[in-house]
Amino acid sequence: MRDSGYVLVIAEKPRAADKIAAALNLSGKRVVNGVRVWEGFFEGRRFLVAPAVGHLFSLDTEERGFPVFTYRWVPRWLVERRSRHARKYFEVLKSLARGASEYVNACDYDIEGSVIGYLIIKHFGDLSRSRRAKFSSLTKEELVSAFRNLQPLDLRMVEAGLCRHEVDWIWGINVSRALMSFYKKVFGGFKILSAGRVQTPTLIEVFKKHVERECFVPEIKFSISLKLRVGSEELSIRSDFGKDLTEEEANRLKLAIERVGKARVVDVKSRTEVLRPPPPFNLPDLQYEAYRVAKISPALTLSIAESLYLDQLISYPRTNSQKLPKTLNHRAILRSLSNLEGYGEYVSELLKKPSLAPAEGPREDPAHPAIHPTGYLPRKPLKDRERVVYDLIVRRYLASLSDEALLRISTYVLRVLDLELVITSRELLRGGWLKIYEYGEVGTLKKFSLRLGEEVPILDVRVVKTFSKPSDAYTKSSLLKWMERSGIGTEATRAEIIETLFKRGYLKQTTSGIDITELGSVVSTISTNLFSELSSVQLTREVEEKLDKIITGELSRDEVVREVASVLKPRLINIKKLLESDESVNELRRLAGLNSGDASCVICQRLAEFSYEGLRLCRFHGIAYERLREAYEAWSKKTKISFVEFLNKVLTLKSSGKYVKEVAELLLSRRGCFDFHNRL
DNA sequence: GCAAGGTC
């Protein structure tokens with residue numbers, strides 16, 4: 001009976017199903033219910049290949065409120081509004097599974113792919129008649145070999161994957177619900193709030209940046225600005241000669257340099273720097289560059305890349321790889337690209353090269369190669385931003401196949417008095433890949449030359465007073481980079497999670513970048529106070545370690561899930577008690593960093609956590625106050641300035657933080673009450 | 001409705 005049936009091969013997505021069918025020579029194409037499926041014989045057996053569209057099942061619960069630890073897998077299209085499109089794939093797999101005699105999970109070989117295929121077979125088929133196709137790329141060779149050597153179902157990978165889903169669900173749903181209850185109790189009304197293993201550490205990172213920037217007091221620095229005549233040109237240069245100059249020292253130095261009036265070249269060094277071509281894009285690199293070059297947000301870049309991919313113009317964009325397959329026919333792609341306006345000349349140069357080996361980066365991805373143009377050309381002109389992203393991908397691909405660029409760097413050491421001054425000339429000797437990828441970061445190019453022993457006239461000397469600036473606010477792009485560096489989220493989800501933080505009203509866009517809102521601060525604070533694990537990237541590391549142990553058989557899914565529940569449950573019960581009691585509003589407010597009636601900041605009414613000279617200050621203004629004191633101490637070592645003058649100066653500086661300015665204003669307004677000149 | 005992860 002079994003031999004009369006067919007082997008149902010489950011692919012993770014339609015495009016993968018097409019490739020698997022092509023590799024196995026299954027040419028019978030059918031469209032069932034709008035879904036492409038493939039049919040034919042492979043090594044004497046009847047095969048049918050049908051695609052999922054990522055996860056077809058989702059965790060869900062019927063219980064309201066929290067704590068909630070009961071959940072089950074349900075059809076995703078039933079519970080997620082934006083997943084209606086998954087229904088037709090769900091129905092087709094369900095009906096094809098009925099007639100199958102055997103099943104092959106041929107989804108991507110990672111824990112999510114293992115779960116996607118497993119749940120489909122479990123619900124619609126028969127796990128005891130199932131096997132796993134193990135391949136790391138969708139090339140014909142790998143696929144044929146995978147199907148000749150089908151493996152038993154990878155049940156430990158499946159357990160690890162199921163565990164990841166359950167842990168994220170338990171943390172996310174419970175803490176989100178707790179936050180919503182908190183909001184209702186303390187502020188009144190319903191608001192959708194959320195927390196999770198990836199979004200909460202990201203939110204807290206923005207919160208920390210907010211504190212760092214808004215409590216920032218500029219440092220003062222004195223340096224000497226020199227105008228030199230180099231050949232026929234004037235060159236301006238600023239230096240403190242490696243000394244932390246006081247104002248007085250700087251003034252003396254200025255006079256001494258003016259008296260000498262010239263500098264002498266005492267050392268000349270020249271070297272050629274090789275700028276290697278960049279690797280082709282993975283998704284994070286593309287998102288970073290699209291923002292840097294064209295200010296397109298990471299989420300929009302992904303959605304544009306997605307549509308270019310669906311139009312067959314580029315390869316699959318949700319990849320982490322910076323490598324291209326050895327089998328890729330670069331000449332064919334180049335010949336095709338040469339028909340596009342703007343690349344023709346450069347591409348013909350490339351085609352003259354005897355061999356074409358793309359530069360590679362270290363990042364890998366088991367499922368997909370780096371992003372590259374397919375060689376298919378746009379059938380109609382691309383729209384503005386589509387054109388920008390496509391152009392970036394094409395140029396980066398061409399750059400990866402190009403020659404190195406060469407930079408001539410000459411360093412001159414000048415002596416004036418007993419001090420040394422270094423000036424650098426940078427000249428591009430060979431453009432190489434920079435000719436097609438002009439966005440390469442090479443620094444300012446400035447060419448000049450000097451001989452050893454030459455005297456350089458000093459035309460002008462000034463003392464310059466500068467003030468330091470805080471680190472930049474995050475942008476969507478740099479925040480995404482931070483997530484990537486911290487190892488949280490995946491290529492496909494990071495940008496979306498940043499958008500979620502905006503949608504919740506936790507983050508806002510300002511002229512200087514991303515900032516946290518009042519609501520975001522409240523959620524950060526509660527999360528830090530009550531669910532500290534969720535507040536750091538550490539949770540992801542621990543979960544990953546445990547998943548690895550499930551894969552090796554050292555731990556079971558049940559053990560891991562139970563442990564998570566045992567950590568969460570008492571705390572959820574505790575906060576629930578607070579939420580149900582009428583006397584606890586003040587304690588709840590304290591946990592959120594809000595004032596609790598008795599002790600509030602004299603500036604902003606938040607919970608007072610510091611007290612200085614009888615001034616009650618919240619954590620923000622308290623930190624700002626401390627920073628002001630420290631900064632004044634440093635300033636007064638360098639320049640004669642009274643505390644009042646210092647405060648007034650801080651108020652005029654753009655880089656002073658908001659909380660710092662508020663504290664400075666408060667102190668100035670109360671200067672009659674405090675004798676702080678001497679106290680500091 | 002709430003996560004994070006797939007994919008359209």
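All values reported here derive from a predicted model rather than from experimental measurement. Reminder, nothing fancy here: chain letters follow the sequence lines and each chain counts from 1.
For A:Arg164, no side-chain nitrogen or oxygen approaches OP1 or OP2 of B:dG6 to under 4.0 Å. Taking only side-chain nitrogens and oxygens, A:Ser194 never comes nearer than 4.0 Å to OP1 or OP2 of B:dG1. In this model, the phosphate group of B:dA3 is approached by a side-chain N or O of A:Arg504 to a distance below 4.0 Å at OP1 or OP2. Within the 4.0 Å cut-off from OP1 or OP2 of B:dG5, at least one side-chain nitrogen or oxygen of A:Thr493 is found.
Defined by atom type and a distance below 3.5 Å, a donor-acceptor pair is present between the side-chain atoms of A:Asp285 and A:Gln322. Using modelled atom types, one finds a donor on one side chain and an acceptor on the other under 3.5 Å when comparing A:Asp154 with A:Ser114. No hydrogens or angles considered: nothing links the side chains of A:Thr61 and A:Glu63 as a donor-acceptor pair under 3.5 Å.
When rounded to the nearest whole Å, the span between OH of A:Tyr506 and P of B:dC2 equals 11 Å. The separation between A:Leu534 atom CG and B:dC2 atom C1' is 13 Å, rounded to whole Å. Rounded to whole Å, the distance from CD1 on A:Ile170 to P on B:dG5 is 16 Å. Atom CD in A:Glu544 sits about 14 Å away from atom P in B:dA4, given to the nearest Å. Taking atom CE of residue A:Met180 and atom C1' of nucleotide B:dC2, one finds them 4 Å apart after rounding to whole Å. Look at CD1 on A:Ile498: it is 13 Å from P on B:dG5, rounded to the nearest Å. Straight-line distance from the CG atom of A:Leu539 to the P atom of B:dA4: 11 Å, rounded to whole Å. Whole-Å rounding puts the A:Asn174 CG to B:dA4 C1' distance at 15 Å.
Both A:Val198 and A:Arg15 lie close to DNA chain B; mapped to their nearest nucleotides by heavy-atom distance, the more 5′-ward contact belongs to A:Val198. Between A:Arg64 and A:Ile488, the residue anchored closer to the 5' end of DNA chain B is A:Arg64, taking for each the nucleotide with the nearest heavy atom.
Residue A:Leu59 places its side chain closer to B:dA3 than to any other of B:dG1, B:dA3, B:dG5. Comparing B:dG6, B:dC2, B:dA4 against the side chain of A:Asp60 picks out B:dC2 as the nearest. Among the nucleotides B:dA4, B:dG6, B:dA3, the one closest to any side-chain atom of A:Ile497 is B:dA4. Comparing B:dG1, B:dT7, B:dG5 by their nearest atom to the side chain of A:Glu80 picks out B:dG5.
Counting non-hydrogen atoms under 4.0 angstrom, A:Trp169 reaches a base of the nucleic acid. In this structure, A:Tyr316 reaches the sugar-phosphate backbone alone: every heavy-atom distance under 4.0 Å involves primed, P, OP1 or OP2 atoms, never a base. When heavy atoms are screened at a 4.0 angstrom cut-off, A:Arg84 is found touching no nucleic acid atom at all. At the heavy-atom level, A:Gly196 lies under 4.0 Å from the strands shown only through sugar-phosphate atoms. At a threshold of 4.0 angstrom between heavy atoms, the contacts of A:Ser58 include nucleobase atoms, whether or not backbone atoms are also involved. As judged by a 4.0 angstrom heavy-atom cut-off over every strand, A:Gly489 is placed among residues touching the sugar-phosphate backbone only. The residue A:Ala86 sits apart from the nucleic acid: no heavy atom pair falls under 4.0 Å. A:Ile192 comes within 4.0 angstrom of the backbone, heavy atoms only, and of no base.
In this structure the side chain of A:Val394 never reaches within 4.5 angstrom of the side chain of A:Ile314, judged on heavy atoms.
The base of B:dG6 has none of its N or O atoms less than 3.5 Å from a complementary donor or acceptor on the side chain of A:Arg318. A donor and an acceptor atom never sit less than 3.5 Å apart when one is taken from the side chain of A:Arg82 and the other from the base of B:dG1.
In this structure, A:Arg132 forms no cation-pi arrangement with A:Tyr103, as its terminal cationic atom is not both closer than 6.0 Å to the ring centre and no more than 45° off the ring axis. The side-chain tip of A:Lys122 does not point at the ring of A:Phe57 from less than 6.0 angstrom away and within 45° of straight on. Geometrically, A:Arg87 engages A:Trp77 in a cation-pi contact, judged by NZ or CZ lying under 6.0 Å from the ring centre and within 45° of the ring axis.
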